[in-house]
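Just so you know, ligand 1 is whichever comes first in the structure, and atom 1 is the first atom listed for that ligand. Computed from a predicted structure; not experimentally measured.
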Amino acid sequence: MEIQFLGAAREVTGSCYLFQVGKHRFLVDCGLIQGTFEHEKKNWAAFPFDARKLDAVVLTHAHLDHSGRLPMLVKEGFRGFIYTHRATAALCRVMLQDAAYLNAEETERFNRYRARNGQDLIEPLYDQDDVYTTERHFQPLDYGESTEIVPGATLTLHDAGHILGSAIVELELSEDGVTRRVVLSGDLGHAGAPILNDPTALTEADLVVMESTYGDRCHRSWEATWAELGDIIRSAHAGKGNILVPAFAVGRAQELLYALARHYDEWEVRDWHVFLDSPMAIETTELYRRFHGLYDRAARAAMKSNNGDPFSMRNLRLTKTAEESMHINDIRAGAIVIAGSGMCTGGRIVHHLKRNLAHEHCHVIIAGFQARGTLGRTLVDGAKTVHLFGEDIPVRAQIHTVGGLSAHADQAGLAAWYGNFKKRPPLALVHGEPEAMDALATHLREKFQATVRCPEPGQRLSLAGLDSA
Ligand SMILES: [Zn+2]
């Protein structure tokens with residue numbers, strides 16, 4: 001009985017953990033590696049296991065750094081079920097199709113580079129057909145429902161409060177009369193975040209595998225975050241410039257819409273034209289509406305008081321087509337544009353940035369995690385010039401980092417969630433840059449006297465032998 005840390009080990013993306021119980025093997029997550037060009041090339045590497053011999057997959061949530069390599073698994077012969085929350089299965093339909101499309105574009109970019117260097121050309125990771133095939137493998141579950149996924153492994157999903165359908169994975173594993181309970185946090189939500197519930201507190205585990213994205217940071221309080229966002233919007237005069245908000249289509253975009261609708265008068269949102277400029281964010285918002293049973297109490301109340309839809313506003317426009325998006329590009333002032341991608345690595349936001357960054361009255365609100373090597377990170381780090389579509393664009397716009405809006409728990413949140421476990425089970429930290437992970441490890445050792453590991457990529461950990469470790 002063991003776990004092998006195949007991805008998001010000492011880094012943030014590419015989540016992938018291989019479990020072996022008796023003769024059976026299953027994965028938790030099968031995510032894309034995201035970041036720099038060099039980094040993303042690793043997605044083309046073969047899996048270090050035979051996909052045909054995997055019995056099942058458990059998916060924590062729909063973000064591509066957790067789900068984005070699933071179609072490759074299926075393409076390579078995986079025939080089992082992909083167990084996940086039903087909202088995640090619905091979201092994955094949207095996200096994986098988009099991923100296939102983006103990957104086709106990216107492959108072309110790689111191939112231009114490879115052709116220049118005399119290297120063989122590569123194929124896209126997968127196409128739309130592979131995504132359709134993958135969808136047939138989903139086995140949707142509800143929170144709290146226990147299912148035997150392979151002989152000797154029972155799965156229960158719990159609300160992680162990170163994005164719609166996100167789950168903490170609880171596994172009860174048995175082999176040769178030994179039983180181990182392993183809990184994987186998945187991406188753990190930020191308590192108090194809008195729309196969704198706070199992460200579920202669990203109390204029993206023999207091993208906790210926990211994310212550490214913000215392991216070295218504390219977010220601002222929610223009150224301070226809303227006040228900050230309101231101040232930026234009120235002080236940006238609608239007549240002078242635009243407000244650009246790069247946003248992940250899933251989660252962040254809905255939180256922003258929800259916040260704008262809730263603070264409509266207070267933030268003077270009525271003076272602006274609000275655009276949700278992302279087909280994927282528009283589809284996702286539809287799914288957030290459909291799965292309203294997963295809302296927290298405040299969102300249920302907002303739904304009632306806002307005509308059954310907590311996201312709607314009089315001056316909100318949903319721009320699906322590229323043509324509509326280009327029209328926004330012509331607006332010099334008075335637009336709040338929420339567009340993908342969240343780290344400005346592609347998508348419509350890059351066009352809006354190109355048009356607006358040189359204007360001193362433009363405001364860019366960075367409201368999510370920005371990985372190293374991304375345009376978003378470059379802006380946060382204070383670059384004076386950025387290179388976009390072959391042009392050097394001076395950055396005169398005001399860049400605001402609103403860290404408190406994160407969809408991830410901060411150091412205090414992670415420690416508090418771990419603190420719910422009785423008997424302080426050993427921890428393995430994953431899904432974080434080394435500095436964040438190491439800071440969290442130190443904090444948890446000091447606070448709880450916990451045994452904390454930070455596994456290296458490929459490292460195995462015997463579950464039966466945990467006590468003696
Ligand atoms: Zn996530």
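When distances from the Zn ion (ligand 1) to the N, O or S atoms of His63 are compared, ND1 comes out shortest.
Among Val28, Val430, Leu184, Asp29, the one residue that satisfies the side chain to side chain contact (heavy atoms under 4.5 Å, CB included) test with Ser15 is Asp29.
Residues Glu172 and Arg181 are paired through a salt bridge, judged by an N-O separation under 4.0 Å between the basic side chain and the carboxylate. Between Lys320 and Asp277 there is no salt bridge, since no side-chain nitrogen of the basic residue lies less than 4.0 Å from a carboxylate oxygen of the acidic one. Salt bridge status for Glu76 with Arg52: absent, with no side-chain N to carboxylate O gap under 4.0 Å.
For the Zn ion (ligand 1), the set of nearby N, O or S atoms under 2.8 Å includes one belonging to His162. At a cut-off of 2.8 Å, His61 coordinates the Zn ion (ligand 1) through an N, O or S atom. Residue side and main chain included, Asp187 places an N/O/S atom under 2.8 Å of the Zn ion (ligand 1).
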